[in-house]
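Sequence lines set the chain letters: A, B, ... in the order given, protein chains first and strands last, and positions in each chain run from 1. Bear in mind the structure is a predicted one, so any value in this text is a computation, not a measurement.
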There are 2 protein chains.
Amino acid sequence: MAARKSLADSSCPVARAIDIVGDRWALLIVRDAFDGVRRFGQFQESLDIARNILTDRLRRLVEAGVLEAVAASDGSAYQEYILTPKGEALFPVIVTLRQWGEGNLFGRGEKRSQLIDRASGRPVPKVTLRGADGGALAPADTFVKKVAARV
Amino acid sequence: MAARKSLADSSCPVARAIDIVGDRWALLIVRDAFDGVRRFGQFQESLDIARNILTDRLRRLVEAGVLEAVAASDGSAYQEYILTPKGEALFPVIVTLRQWGEGNLFGRGEKRSQLIDRASGRPVPKVTLRGADGGALAPADTFVKKVAARV
DNA sequence: CCGTATCCATTCCGATACTG
DNA sequence: CAGTATCGGAATGGATACGG
(Lines give C-alpha, C1' and ligand atoms only; values in the text may rest on other atoms or scores of the structure.)
Protein backbone atom coordinates (compact mmCIF):
# COMPACT_ATOMS: atom_id res chain seq x y z
CA MET A 1 0.00 0.00 0.00
CA ALA A 2 2.52 2.50 1.12
CA ALA A 3 5.02 2.00 -1.62
CA ARG A 4 7.34 4.95 -1.89
CA LYS A 5 6.81 7.03 -4.96
CA SER A 6 9.80 7.23 -7.22
CA LEU A 7 10.89 10.70 -8.26
CA ALA A 8 12.99 9.36 -11.10
CA ASP A 9 10.41 10.29 -13.73
CA SER A 10 9.66 13.75 -12.47
CA SER A 11 10.05 16.60 -14.93
CA CYS A 12 11.88 18.52 -12.21
CA PRO A 13 15.64 18.01 -12.20
CA VAL A 14 15.77 18.74 -8.49
CA ALA A 15 13.39 15.89 -7.81
CA ARG A 16 15.35 13.48 -9.96
CA ALA A 17 18.53 14.46 -8.20
CA ILE A 18 16.94 13.90 -4.81
CA ASP A 19 15.78 10.51 -5.93
CA ILE A 20 19.45 9.55 -6.15
CA VAL A 21 21.23 11.57 -3.49
CA GLY A 22 18.37 12.59 -1.25
CA ASP A 23 18.98 10.27 1.64
CA ARG A 24 21.04 10.35 4.75
CA TRP A 25 24.21 8.81 3.35
CA ALA A 26 24.65 9.32 -0.36
CA LEU A 27 26.08 12.82 -0.29
CA LEU A 28 28.28 11.99 2.66
CA ILE A 29 29.75 9.12 0.70
CA VAL A 30 30.31 11.45 -2.23
CA ARG A 31 31.86 14.03 0.08
CA ASP A 32 34.28 11.41 1.37
CA ALA A 33 35.07 10.35 -2.16
CA PHE A 34 36.05 13.93 -2.98
CA ASP A 35 38.26 13.80 0.06
CA GLY A 36 40.12 10.80 -1.33
CA VAL A 37 38.31 7.96 0.38
CA ARG A 38 38.12 4.87 -1.80
CA ARG A 39 37.90 1.74 0.30
CA PHE A 40 34.95 0.13 1.97
CA GLY A 41 36.62 0.21 5.34
CA GLN A 42 37.58 3.84 5.01
CA PHE A 43 34.03 4.85 4.27
CA GLN A 44 32.80 2.73 7.12
CA GLU A 45 35.16 4.27 9.62
CA SER A 46 34.68 7.81 8.42
CA LEU A 47 30.90 7.67 8.35
CA ASP A 48 30.28 5.32 11.25
CA ILE A 49 27.65 3.64 9.12
CA ALA A 50 26.44 0.09 9.44
CA ARG A 51 28.19 -2.19 7.00
CA ASN A 52 25.09 -3.56 5.37
CA ILE A 53 23.81 -0.05 4.77
CA LEU A 54 27.14 0.97 3.31
CA THR A 55 27.07 -2.03 1.00
CA ASP A 56 23.63 -1.06 -0.17
CA ARG A 57 24.44 2.63 -0.69
CA LEU A 58 27.63 1.91 -2.58
CA ARG A 59 25.77 -0.46 -4.81
CA ARG A 60 23.06 2.10 -5.51
CA LEU A 61 25.54 4.84 -6.27
CA VAL A 62 27.37 2.56 -8.65
CA GLU A 63 24.07 1.68 -10.32
CA ALA A 64 23.25 5.36 -10.60
CA GLY A 65 26.58 5.99 -12.30
CA VAL A 66 27.89 8.27 -9.56
CA LEU A 67 30.60 5.86 -8.43
CA GLU A 68 32.50 3.20 -10.26
CA ALA A 69 33.84 0.06 -8.64
CA VAL A 70 37.33 -0.77 -9.80
CA ALA A 71 39.88 -3.34 -8.75
CA ALA A 72 41.86 -2.28 -5.71
CA SER A 73 45.14 -0.57 -6.52
CA ASP A 74 47.04 -2.54 -3.89
CA GLY A 75 46.40 -5.84 -5.60
CA SER A 76 44.02 -7.11 -2.98
CA ALA A 77 40.96 -9.01 -4.03
CA TYR A 78 38.62 -6.16 -3.22
CA GLN A 79 37.32 -3.05 -4.86
CA GLU A 80 37.76 0.66 -4.75
CA TYR A 81 35.00 3.13 -5.33
CA ILE A 82 35.88 6.17 -7.36
CA LEU A 83 33.84 9.05 -8.65
CA THR A 84 32.74 8.99 -12.25
CA PRO A 85 32.50 12.25 -14.20
CA LYS A 86 28.83 12.25 -13.24
CA GLY A 87 29.86 11.93 -9.61
CA GLU A 88 32.47 14.66 -9.89
CA ALA A 89 29.78 16.91 -11.28
CA LEU A 90 28.27 16.86 -7.80
CA PHE A 91 31.13 18.99 -6.56
CA PRO A 92 29.18 22.27 -6.67
CA VAL A 93 26.35 20.64 -4.75
CA ILE A 94 28.68 19.56 -1.96
CA VAL A 95 30.35 22.95 -1.85
CA THR A 96 27.11 24.93 -1.68
CA LEU A 97 25.72 22.58 0.94
CA ARG A 98 28.91 22.96 2.91
CA GLN A 99 28.78 26.70 2.71
CA TRP A 100 25.19 26.78 3.81
CA GLY A 101 26.09 24.66 6.80
CA GLU A 102 29.09 26.77 7.67
CA GLY A 103 27.16 29.97 7.53
CA ASN A 104 23.96 28.84 9.19
CA LEU A 105 24.48 25.82 11.40
CA PHE A 106 27.51 26.65 13.50
CA GLY A 107 27.87 28.88 16.52
CA ARG A 108 30.56 31.48 16.41
CA GLY A 109 33.01 29.57 18.59
CA GLU A 110 32.39 26.12 17.14
CA LYS A 111 35.04 24.23 15.29
CA ARG A 112 34.22 22.93 11.87
CA SER A 113 36.07 21.28 9.04
CA GLN A 114 36.65 23.54 6.08
CA LEU A 115 37.23 23.28 2.38
CA ILE A 116 40.57 24.84 1.51
CA ASP A 117 41.85 26.13 -1.83
CA ARG A 118 45.20 24.44 -2.45
CA ALA A 119 46.61 27.34 -4.37
CA SER A 120 46.00 30.00 -1.77
CA GLY A 121 45.66 27.93 1.37
CA ARG A 122 42.53 29.82 2.22
CA PRO A 123 38.93 28.71 2.58
CA VAL A 124 37.06 28.43 -0.67
CA PRO A 125 35.16 31.69 -1.16
CA LYS A 126 31.42 31.92 -1.31
CA VAL A 127 29.74 30.62 -4.37
CA THR A 128 27.89 33.29 -6.25
CA LEU A 129 25.38 32.62 -8.97
CA ARG A 130 25.72 34.74 -12.03
CA GLY A 131 22.82 35.95 -14.13
CA ALA A 132 22.98 36.59 -17.85
CA ASP A 133 24.23 40.11 -17.22
CA GLY A 134 27.06 38.83 -15.07
CA GLY A 135 25.55 40.15 -11.88
CA ALA A 136 24.77 38.10 -8.82
CA LEU A 137 21.63 36.05 -9.12
CA ALA A 138 19.07 35.96 -6.32
CA PRO A 139 15.88 33.93 -5.91
CA ALA A 140 13.79 36.94 -6.91
CA ASP A 141 15.62 37.14 -10.22
CA THR A 142 14.42 33.74 -11.32
CA PHE A 143 11.35 31.73 -11.96
CA VAL A 144 10.69 28.13 -12.90
CA LYS A 145 9.52 27.43 -16.40
CA LYS A 146 7.22 24.54 -15.90
CA VAL A 147 8.08 22.31 -18.79
CA ALA A 148 10.74 23.12 -21.30
CA ALA A 149 11.64 21.25 -24.40
CA ARG A 150 15.02 19.65 -24.66
CA VAL A 151 18.02 21.86 -24.78
CA MET B 1 18.98 -0.08 19.83
CA ALA B 2 18.83 1.10 16.29
CA ALA B 3 18.27 4.72 17.09
CA ARG B 4 19.32 6.89 14.21
CA LYS B 5 22.45 8.85 14.82
CA SER B 6 22.05 12.57 14.68
CA LEU B 7 24.47 14.44 12.48
CA ALA B 8 23.67 17.74 14.14
CA ASP B 9 26.86 17.75 16.20
CA SER B 10 29.23 16.76 13.42
CA SER B 11 32.15 19.02 12.78
CA CYS B 12 31.40 18.74 9.07
CA PRO B 13 29.04 21.40 7.74
CA VAL B 14 27.88 19.05 5.01
CA ALA B 15 26.75 16.54 7.61
CA ARG B 16 24.90 19.15 9.63
CA ALA B 17 23.19 20.39 6.51
CA ILE B 18 22.13 16.87 5.62
CA ASP B 19 20.75 16.40 9.07
CA ILE B 20 18.24 19.12 8.23
CA VAL B 21 17.59 18.84 4.51
CA GLY B 22 18.88 15.34 3.76
CA ASP B 23 15.61 13.57 3.33
CA ARG B 24 13.16 12.99 0.57
CA TRP B 25 11.00 16.04 1.04
CA ALA B 26 12.77 18.94 2.70
CA LEU B 27 14.52 20.33 -0.35
CA LEU B 28 11.47 19.82 -2.51
CA ILE B 29 9.46 21.90 -0.07
CA VAL B 30 12.16 24.56 -0.17
CA ARG B 31 12.20 24.40 -3.95
CA ASP B 32 8.45 25.00 -4.02
CA ALA B 33 8.84 27.86 -1.57
CA PHE B 34 11.29 29.51 -3.94
CA ASP B 35 8.69 29.04 -6.62
CA GLY B 36 6.14 31.00 -4.61
CA VAL B 37 4.28 28.21 -2.88
CA ARG B 38 3.10 29.21 0.59
CA ARG B 39 0.02 27.29 1.54
CA PHE B 40 -0.37 23.82 2.96
CA GLY B 41 -2.66 22.75 0.18
CA GLN B 42 -0.39 24.09 -2.51
CA PHE B 43 2.54 22.11 -1.17
CA GLN B 44 0.37 19.05 -0.86
CA GLU B 45 -0.84 19.26 -4.41
CA SER B 46 2.50 20.10 -5.90
CA LEU B 47 4.42 17.39 -4.09
CA ASP B 48 1.73 14.72 -3.94
CA ILE B 49 2.82 14.08 -0.38
CA ALA B 50 0.71 12.57 2.36
CA ARG B 51 -0.74 15.25 4.56
CA ASN B 52 0.62 13.90 7.81
CA ILE B 53 4.11 13.81 6.37
CA LEU B 54 3.75 17.32 5.07
CA THR B 55 2.64 18.50 8.49
CA ASP B 56 5.69 16.88 10.04
CA ARG B 57 8.15 18.26 7.49
CA LEU B 58 6.78 21.78 7.67
CA ARG B 59 7.04 21.66 11.43
CA ARG B 60 10.62 20.46 11.31
CA LEU B 61 11.66 23.09 8.79
CA VAL B 62 10.07 25.76 10.94
CA GLU B 63 11.91 24.40 13.98
CA ALA B 64 15.14 24.41 12.02
CA GLY B 65 14.61 28.05 11.10
CA VAL B 66 14.36 27.40 7.37
CA LEU B 67 10.70 28.33 7.13
CA GLU B 68 8.58 30.66 9.17
CA ALA B 69 4.87 30.19 9.76
CA VAL B 70 2.97 33.42 9.43
CA ALA B 71 -0.72 34.29 9.42
CA ALA B 72 -2.34 33.78 6.05
CA SER B 73 -2.47 36.88 3.92
CA ASP B 74 -6.07 36.27 2.88
CA GLY B 75 -7.34 36.63 6.40
CA SER B 76 -8.18 32.98 6.81
CA ALA B 77 -7.42 31.29 10.09
CA TYR B 78 -4.50 29.36 8.68
CA GLN B 79 -0.85 29.82 8.09
CA GLU B 80 1.54 30.48 5.32
CA TYR B 81 5.04 29.15 5.21
CA ILE B 82 7.67 31.51 3.97
CA LEU B 83 11.41 31.20 3.69
CA THR B 84 13.52 32.84 6.34
CA PRO B 85 16.89 34.34 5.37
CA LYS B 86 18.39 31.01 6.44
CA GLY B 87 16.02 29.27 4.07
CA GLU B 88 16.75 31.68 1.24
CA ALA B 89 20.40 30.92 1.71
CA LEU B 90 19.64 27.45 0.36
CA PHE B 91 19.12 28.93 -3.10
CA PRO B 92 22.59 27.96 -4.38
CA VAL B 93 22.05 24.43 -3.14
CA ILE B 94 18.81 24.12 -5.07
CA VAL B 95 20.34 25.64 -8.17
CA THR B 96 23.40 23.39 -8.19
CA LEU B 97 21.28 20.33 -7.53
CA ARG B 98 18.99 21.36 -10.34
CA GLN B 99 21.87 21.83 -12.71
CA TRP B 100 23.34 18.49 -11.80
CA GLY B 101 20.00 16.89 -12.52
CA GLU B 102 19.56 18.71 -15.81
CA GLY B 103 22.98 17.74 -17.03
CA ASN B 104 23.07 14.18 -15.84
CA LEU B 105 19.64 12.73 -15.31
CA PHE B 106 17.74 13.60 -18.47
CA GLY B 107 17.83 12.10 -21.90
CA ARG B 108 18.36 14.45 -24.78
CA GLY B 109 14.75 14.54 -25.83
CA GLU B 110 13.18 14.65 -22.42
CA LYS B 111 11.25 17.61 -21.21
CA ARG B 112 12.22 19.18 -17.93
CA SER B 113 11.29 22.25 -15.96
CA GLN B 114 13.96 24.92 -16.02
CA LEU B 115 15.09 27.82 -13.91
CA ILE B 116 14.87 31.00 -15.92
CA ASP B 117 16.59 34.34 -15.40
CA ARG B 118 13.89 36.98 -15.37
CA ALA B 119 16.11 39.66 -16.85
CA SER B 120 17.18 37.75 -19.90
CA GLY B 121 14.47 35.14 -20.17
CA ARG B 122 17.12 32.51 -20.59
CA PRO B 123 18.05 29.51 -18.45
CA VAL B 124 20.28 30.34 -15.52
CA PRO B 125 23.85 29.69 -16.61
CA LYS B 126 26.06 27.09 -15.05
CA VAL B 127 27.34 27.78 -11.61
CA THR B 128 31.09 28.02 -11.48
CA LEU B 129 33.12 27.96 -8.33
CA ARG B 130 35.84 30.53 -8.11
CA GLY B 131 39.16 29.99 -6.38
CA ALA B 132 41.16 32.70 -4.69
CA ASP B 133 42.80 33.61 -7.97
CA GLY B 134 39.43 34.03 -9.65
CA GLY B 135 39.84 30.93 -11.75
CA ALA B 136 37.40 28.07 -11.84
CA LEU B 137 37.68 25.73 -8.89
CA ALA B 138 37.70 21.98 -9.35
CA PRO B 139 37.73 19.14 -6.81
CA ALA B 140 41.45 18.62 -7.36
CA ASP B 141 42.10 22.22 -6.35
CA THR B 142 40.76 21.70 -2.87
CA PHE B 143 41.17 19.66 0.24
CA VAL B 144 39.32 19.43 3.52
CA LYS B 145 40.97 20.88 6.56
CA LYS B 146 39.85 18.52 9.24
CA VAL B 147 39.03 20.86 12.07
CA ALA B 148 39.32 24.59 11.81
CA ALA B 149 38.84 27.12 14.54
CA ARG B 150 36.02 29.57 14.24
CA VAL B 151 36.12 32.07 11.51
C1' DC C 1 -9.56 24.51 3.32
C1' DC C 2 -6.13 23.31 6.98
C1' DG C 3 -4.48 20.56 9.52
C1' DT C 4 -4.30 16.37 13.16
C1' DA C 5 -4.77 11.49 14.42
C1' DT C 6 -4.63 6.73 13.50
C1' DC C 7 -3.43 2.69 11.17
C1' DC C 8 -0.54 -0.01 8.43
C1' DA C 9 3.12 -1.21 4.98
C1' DT C 10 7.55 -0.24 3.54
C1' DT C 11 12.01 1.39 4.15
C1' DC C 12 15.94 2.70 6.81
C1' DC C 13 19.40 1.74 9.82
C1' DG C 14 22.23 -0.25 13.54
C1' DA C 15 24.04 -4.46 15.80
C1' DT C 16 25.87 -8.66 15.25
C1' DA C 17 27.26 -13.00 13.43
C1' DC C 18 29.27 -15.07 9.64
C1' DT C 19 32.19 -16.14 5.35
C1' DG C 20 36.31 -16.02 2.45
C1' DC D 1 39.72 -6.55 5.26
C1' DA D 2 35.59 -6.74 2.55
C1' DG D 3 31.62 -7.85 2.28
C1' DT D 4 26.85 -10.78 3.16
C1' DA D 5 22.94 -12.44 6.05
C1' DT D 6 19.72 -11.76 9.44
C1' DC D 7 17.35 -9.51 12.98
C1' DG D 8 14.71 -5.92 15.39
C1' DG D 9 13.65 -1.31 16.30
C1' DA D 10 12.90 3.18 14.47
C1' DA D 11 11.59 6.28 10.93
C1' DT D 12 9.17 7.10 6.69
C1' DG D 13 5.26 7.41 3.96
C1' DG D 14 0.48 6.53 2.17
C1' DA D 15 -4.60 6.18 2.95
C1' DT D 16 -8.10 7.74 5.36
C1' DA D 17 -11.02 9.49 8.97
C1' DC D 18 -11.84 13.24 11.72
C1' DG D 19 -12.26 18.09 13.67
C1' DG D 20 -11.72 23.22 13.33
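In this structure, A:Arg4 does not reach the C:dT10 phosphate: none of its side-chain N or O atoms is under 4.0 Å from OP1 or OP2.
In terms of modelled atom types and a separation under 3.5 Å, the side chain of A:Asp32 and the main chain of A:Val37 share no donor-acceptor contact. At distances below 3.5 Å, at least one donor-acceptor pair connects side-chain atoms of A:Arg16 with backbone N or O atoms of B:Leu105. Looking at A:Asn104, its side chain never comes within 3.5 Å of a backbone N or O of A:Gly101 through a donor-acceptor pair. Of the possible donor and acceptor atoms, one in the side chain of B:Thr96 sits under 3.5 Å from a partner among the backbone N and O of B:Val93.
Sorted by first and then second residue, the ring-ring contact (aromatic ring centres under 6.0 Å, His included) pairs with a member in residues 37-81 of chain B form an empty list; sequence neighbours excluded. Every pair tested for ring-ring contact (aromatic ring centres under 6.0 Å, His included) that includes a residue from residues 99-145 of chain B fails, sequence neighbours excluded, so the list is empty.
Note: CD1 (B:Ile49) to P (D:dG14) measures 7 Å, nearest angstrom. Atom pair B:Phe40:CZ and C:dC2:P shows a separation of 8 Å (rounding to whole Å applied). Atom pair B:Asp48:CG and D:dT16:C1' shows a separation of 15 Å (rounding to whole Å applied). Taking atom CG of residue A:Leu47 and atom P of nucleotide C:dA15, one finds them 14 Å apart after rounding to whole Å. Taking atom CH2 of residue A:Trp25 and atom P of nucleotide C:dC13, one finds them 7 Å apart after rounding to whole Å. The distance from atom CZ of B:Arg24 to atom C1' of C:dC13 is 17 Å, rounded to the nearest whole Å. Look at CD1 on B:Ile29: it is 13 Å from C1' on D:dG13, rounded to the nearest Å. In this structure, A:Glu80 atom CD and D:dC1 atom C1' are separated by 13 Å, rounded to whole Å.
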### Task
Applying side-chain contact (heavy atoms from CB on, under 4.5 Å), run through B:Leu90 and B:Val21 and close with a yes or a no.
CA-CA 10 Å; B:Leu90 281 168; B:Val21 297; 4.1 Å; yes
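Between B:Leu47 and B:Arg31 there is a side-chain heavy-atom pair separated by less than 4.5 Å. Here the side chains of A:Leu137 and B:Asp117 are in contact, with some heavy-atom distance below 4.5 Å.
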Polar atoms only, N or O, under 3.5 Å: list the protein pairs with nucleotides 17-20 of chain C and their distances.
residue : atom : partner : partner atom : Å
C:dG20  : N2   : A:Tyr78 : OH           : 2.6

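In the helix from C:dC1-D:dG20 to C:dG20-D:dC1, the rotation axis of the first five pairs and that of the last five pairs differ in direction by 30°, rounded to 10 degrees.
In this structure, of C:dG3, D:dT4, C:dC12, it is C:dG3 that holds the atom nearest to the side chain of B:Tyr81. Relative to the side chain of A:Thr55, the nucleotides C:dG3, D:dG3, C:dC2 differ in distance, and D:dG3 lies closest.
Using a 4.0 Å heavy-atom criterion, one finds that A:Gln44 contacts no nucleic acid atom at all. B:Phe43 comes within 4.0 angstrom of no nucleic acid atom, judged by non-hydrogen atoms across all strands.
B:Asn52 contributes no side-chain N or O that forms a donor-acceptor pair with the base of D:dG13 under 3.5 Å.
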Name the atoms and distances for all side-chain donor-acceptor pairs under 3.5 Å in residues 62-73 of chain A, with sequence neighbours left out.
residue : atom : partner : partner atom : Å
A:Glu63 : OE2  : A:Arg59 : NH1          : 3.0
A:Ser73 : OG   : A:Glu80 : OE2          : 3.0

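A salt bridge between B:Asp48 and A:Lys5 is present, with a side-chain N of the basic residue lying under 4.0 Å from a carboxylate O of the acidic one. Ion pairing between B:Asp56 and B:Arg60 holds under the 4.0 Å rule for side-chain N and carboxylate O.
Interface residues of residues 56-66 of chain B facing DNA chain D, ordered by number: B:Arg57, B:Arg60; criterion, heavy-atom separation under 4.0 Å.
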